[in-house]
Each structure stands twice: as C-alpha cells, then as structure tokens.
Amino acid sequence: MGRTAYRGDGGLGLCFAMLLAFVVLGSVALWRSPHQADSGDAVNPSTFLVAPLGSYRGALETTYPRRALAQLKKGDMLSGEGGSSRKDGGQRKARVGNKAEADDQLREKLLKEIGSSWEIDGLGTDVALKPVSDPQESTRIYYDASALIATHAEMEEKFKVYVYKDGDEPLVHTGPCKQIYAIDGLFQNELQRETNKFVTKDPARADLFFVPYNPTNAVDLLFEPGSHSYAPMVEFVKDYISHIQSQHPYFNQSNGTDHFMLSCHDWSSYTTWAHKVFDINSIKVLCNANSSQNYHSQKDVSLPELTIPGGMYPLVFDGDPPAIRTLLAFFSGGDHGPIRPLLFQQWLNRNDSDMLIFKQTQVISLDENYIKLMERSKFCLCPAGYDVNSPRLVQSIYYGCVPVIVTDDFVLPFSEVLRWETFSVRLPVKDIPNMKKIIASIPLATYISMQAKLKHVRRHFIWNNPPQKYDIFHMVMHDLWVRKKRLLNNEIEYVYVPNAH
C-alpha cells in the first residue's frame, strides 16, 4: 500500500491555512466561592476571585482596597473607572462599583492574550491580583493542579509517537478540518507535521503508535446509503490493521495495546469490530465516549467535539457578563437520538421566556444568531444526539454559557484532571421534566462562580496553530501519555491475547 503526497511545506494540511489567529476579549468579573453561603450580607474579601481572561506579558499587579471589597454584596462587580496603572510591577487602583457594568477601556488594556488567570491575595490593606500561567489549585477546576503540571512537563520531555505511513488518502492520513468533525483533520495533520516534537521517525523510540485511518472519510466514501450496514467500513479497517501487522512487528509485539486511533465520527467505535485484537486492546480516542458501549475509560480517551464552521476558527469568545445574561437556558438543535425527543416533548412550545428551546429538522449551523443566544444565556443545554457527545459542550465553554450535560453515559473529556462539577451541571435523563426547577434552584453565587471558571477552563478546549501548552492538543496528548504509563505499570486489566484459549 503506497501513499499519496498531499501536504504542503512543513507537513501542514491545507486546513491549517484557513485558521486565523484569534483575539480574546473578556470582562473583569468578581464572584464568590461556590462553598460560601448564598446570603446578602457583606462578604469576606478573601472569598472573592477576579478572573479576566488574559493579561500583559509583563508583571502587572492590580490592587483594590480591602475595605471597599468588604462592603460588597453578592452580584456586585468591579469597574475600572478611575483606575491607574504601571506595567512591570506597577499597580492599578480602581473603585468597586455596585452596578453590573464592566469598563471597556480597562478590559481592552488587560485582556490582550489568552490563557492567563488571576486570583486575589491579601496584601496588607490592599488586595492584589497576580497573573497565573500554569494551572492553579485556587481555580478549583482541577483535582490536582500540581500533578497535571508535573505529568504535562514529563510528557513534553519524553513522549514520542510513531505514525504509520502505510495507506493512501483519503481513507488514511487525512480528515475533515471544518464543521462538526474538524478535530479529526486537525489532529491527523498535526501528528504528521515534521516539526511536531512528539512525533518520531524511529519506531524503536515510540511510546505509542498512531494508526492514521479516518472513520469519517471511510463513512463518506464506503457507506452505501440505505444499506444500514457498517460492513464496508469494518472490512476496510480490518484489512488495514492486518496489513500493518504483516508489514511491521510492533503491533504483534504488544498485541496492539500501544496503538491508538482517533476520530470524532459517531460510528468510529463500530469500525473496529472485525479485528478483535485491535477492537479490545487498542486505545480509542473518541468523541463518542459512551461508557455503555465500546469505550473503556481506563485505557481510552474522551475527545472534545470541536466544530469549525467553514474552517474558520472563532475570533471572539466570552459573551455577556453574568449580570446581563437574560435567558436562563437555551438549546437549538435537531430531533434525533434517544434523548432529544424527550427534551422537546417536555419543553417545546411551552411559551416559557426563561427556557428558549428550538427544534430544527437539521442541527443548526454556528451562525451569528445562534452564538448571540449562547452569549445571552446563563445555561446552555447539551443533550446527547445520536451519541453522547455534542459540539455544544465546547461552544458553551467558549461563550461563557454554563453547560448542562443531559446524558447518562458520557465520559467527559479530561475528566481525570478537570472537576467538571465546578463549571457545569450534569442532568440525568430522568430529570428532564424538572430541568427548569433544578437549574433555577442553583444559587446565584454558585452560578457566578461556575460561569467565571469557564474562563479558566477554556484554554484546554482551544485549538492553537501551532499547539500551545495545556491546549486541546496537549491535553489529549497528556491523556495518551497517562494511558501509556498505565500500560507500563500493568494497570490495564483486560488485554486480549489471541489464541490464548
């Protein structure tokens, strides 16, 4: 099996040329700890956090009088009006306003780049905001931020992947770089970029082996409409893996346990059925991380579903600050899968101004009105479609809308690292009739805290070109590195050995 040359200079796929550098705008928001009582009394300044989305690269500190913070009530926000600042160790004095307003000039000056967070530390009579670059325990979104930092650094230093070169496009070595399955092509291209530090040309140095077939393209090219049969895709994958086995020694040496595939298509996990060893032993990096089906969280990796309409990455994130988000909950999408009909049955045409639920014959495109509704909503419903994942999950994080995940069997992305309960709501399917009551009962302080945490967690779901530390590419690679270490420590128990019985 030969392969077709398709990449331009530097090994980048054409889809990367379509991605734009993006500027992130945000607002300075003040919120209370989710563990604090929901009371109208003045709050302790030590419980406040401030989280703009970015900062100057210099050492900029922002200070607010502790006495002013002590007078705040829940829902109050900081304003930059009257402030002054100096870069490189300077200070910014700003009044604390009682109205839900953000100063655009302050926001423009502070929010210049993505990925930074701030926390308030008590310093004498003032409270100082200090920029943070690495994951921090203080954000409360991590189970163990120090462990993430350590394993991430270890991964960057040691982790190597070998990519098989067997096969021809478009069934292997390429994938879609736009719309709902964009993550497929982006990862395919990045793992085949010659300058990617994780990729090795020497299989003897490899920790894992990437099997670069693409189920999305296989479905598009091999599926016969109306046949209701996976057979053509399944047979292709079986033949491709068998070819790799016959041409290279590495698969048989490990029974495929150190091999992985990656795809966001709903049918991805079904395509491996005909090759039992690959199906059971290989690491599957899937958007459809369904614990009730062919997904095992001990060895497999949950892949965020990233939508890039037309191949153009979003230019602006965030949306309205919490105090002016007027909609309680929003959803717009197609009536497919086992869960959405239940949602529409309960909430469609209810004439409820708090619950904006739209039904469409096809999944709505990411147009301006759709985004604006997400930016105006406090909570965005993310019900499973044909399978457990939904692009709305990542979209909600982008636009500051707290995700409400409506499914029972979804293994969330990076769930061994991120404390999803601190910035999202998990709603069992049985609770769909009581959805509004459950969401509306969330205390204001808790909602504001959850919404603010989306700014911290967002960088883990952003695709950068080239990739940056802790972004979506690095987080998936981190999950793969953790799986490799489990293999070395014999922590994966269900390895299938052919002809063992």
Side-chain angles (χ1 to χ4, degrees), residues 1-7 13-15 161-192 208-248 251 256 259-290 293-295 300-308 311 336-337 363 385-389 391 476:
M1 299 173 72
R3 62 169 302 194
T4 304
Y6 74 103
R7 294 171 299 188
L14 292 177
C15 64
V161 173
Y162 179 79
V163 182
Y164 285 108
K165 294 178 171 55
D166 305 68
D168 295 319
E169 293 182 27
L171 291 175
V172 295
H173 302 295
T174 188
C177 293
K178 59 183 179 180
Q179 304 302 344
I180 193 170
Y181 302 128
I183 197 80
D184 285 16
L186 295 175
F187 256 94
Q188 285 272 3
N189 281 12
E190 186 59 37
L191 285 176
Q192 294 174 98
L208 294 179
F209 295 79
F210 179 45
V211 183
Y213 80 94
N214 187 263
T216 301
N217 285 359
V219 171
D220 290 343
L221 295 169
L222 302 178
F223 178 68
E224 298 177 8
S227 67
H228 305 289
S229 173
Y230 300 119
M233 294 83 72
V234 169
E235 287 302 314
F236 162 72
V237 173
K238 178 183 178 181
D239 291 345
Y240 184 59
I241 303 300
S242 297
H243 166 81
I244 286 176
Q245 283 183 281
S246 67
Q247 298 298 312
H248 308 278
F251 187 96
H259 285 56
F260 73 95
M261 54 83 71
L262 180 149
S263 180
C264 209
H265 197 281
D266 297 342
W267 296 356
S268 299
S269 62
Y270 309 144
T271 62
T272 61
W273 284 353
H275 196 292
K276 189 172 183 179
V277 178
F278 186 70
D279 182 52
I280 296 176
N281 292 351
S282 69
I283 301 170
K284 299 182 181 68
V285 185
L286 302 173
C287 289
N288 183 27
N290 189 335
Q293 296 181 2
N294 193 21
Y295 180 92
D300 297 331
V301 174
S302 179
L303 181 66
E305 191 161 342
L306 184 64
T307 295
I308 303 181
H336 56 265
V363 176
Y386 288 117
D387 282 300
V388 292
N389 207 340
V476 172

Over all atoms of both residues, closest heavy-atom pair of [X] and [Y]:
{"X": "T307", "Y": "P391", "answer": "OG1-CB, 3.0 Å"}
{"X": "P170", "Y": "L221", "answer": "CG-CD1, 3.2 Å"}
{"X": "L303", "Y": "S263", "answer": "CD2-O, 3.9 Å"}

Side chains of [X] and [Y] in contact at under 4.5 Å (non-hydrogen atoms):
{"X": "H275", "Y": "D239", "answer": "no"}
{"X": "P215", "Y": "Y270", "answer": "no"}
{"X": "F236", "Y": "V172", "answer": "yes"}
{"X": "I183", "Y": "V476", "answer": "no"}
{"X": "M233", "Y": "F223", "answer": "yes"}

[Y] backbone acceptor or donor facing [X] side chain under 3.5 Å:
{"X": "Q188", "Y": "P212", "value": "yes"}
{"X": "N389", "Y": "C287", "value": "yes"}
{"X": "K238", "Y": "W273", "value": "no"}

* **Evaluation steps, side chain to side chain contact (heavy atoms under 4.5 Å, CB included), between V277 and F251** => CA-CA 10 Å; V277 178; F251 187 96; 3.9 Å; yes

* Worked verdict on D166 versus Y240 for side chain to side chain contact (heavy atoms under 4.5 Å, CB included) -> CA-CA 9 Å; D166 305 68; Y240 184 59; 4.3 Å; yes

* To do: Start with the C-alpha gap between F209 and H248, add the side-chain angles, then the distance that decides, and say whether side chain to side chain contact (heavy atoms under 4.5 Å, CB included) holds.
  => CA-CA 11 Å; F209 295 79; H248 308 278; over 6 Å; no

* **Close aromatic pair by centroid cut-off 6.0 Å: F210 and F260** =>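 Between F210 and F260, the centre distance is under 6.0 Å.
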
* Matching residue for H265 among Y213, Y386, Y230, Y181 - test: ring pair (Phe, Tyr, Trp, His ring centres under 6.0 Å) ->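 Single ring pair (Phe, Tyr, Trp, His ring centres under 6.0 Å) partner of H265 among Y213, Y386, Y230, Y181: Y181.
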
* Of the options Q247, H243, H259, which is the one that meets Y164 in a side chain to side chain donor-acceptor pair (under 3.5 Å)? ->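 When side chain to side chain donor-acceptor pair (under 3.5 Å) is applied between Y164 and each of Q247, H243, H259, only H259 qualifies.
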
* Step by step, would you call N288 with Q293 a side chain to side chain contact (heavy atoms under 4.5 Å, CB included)? -> CA-CA 9 Å; N288 183 27; Q293 296 181 2; 3.7 Å; yes

* Ignoring hydrogens and angles, state whether a donor on the side chain of D279 or N294 is under 3.5 Å from an acceptor on the partner side chain. =>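 Side-chain D/A pair, D279 to N294: present.
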
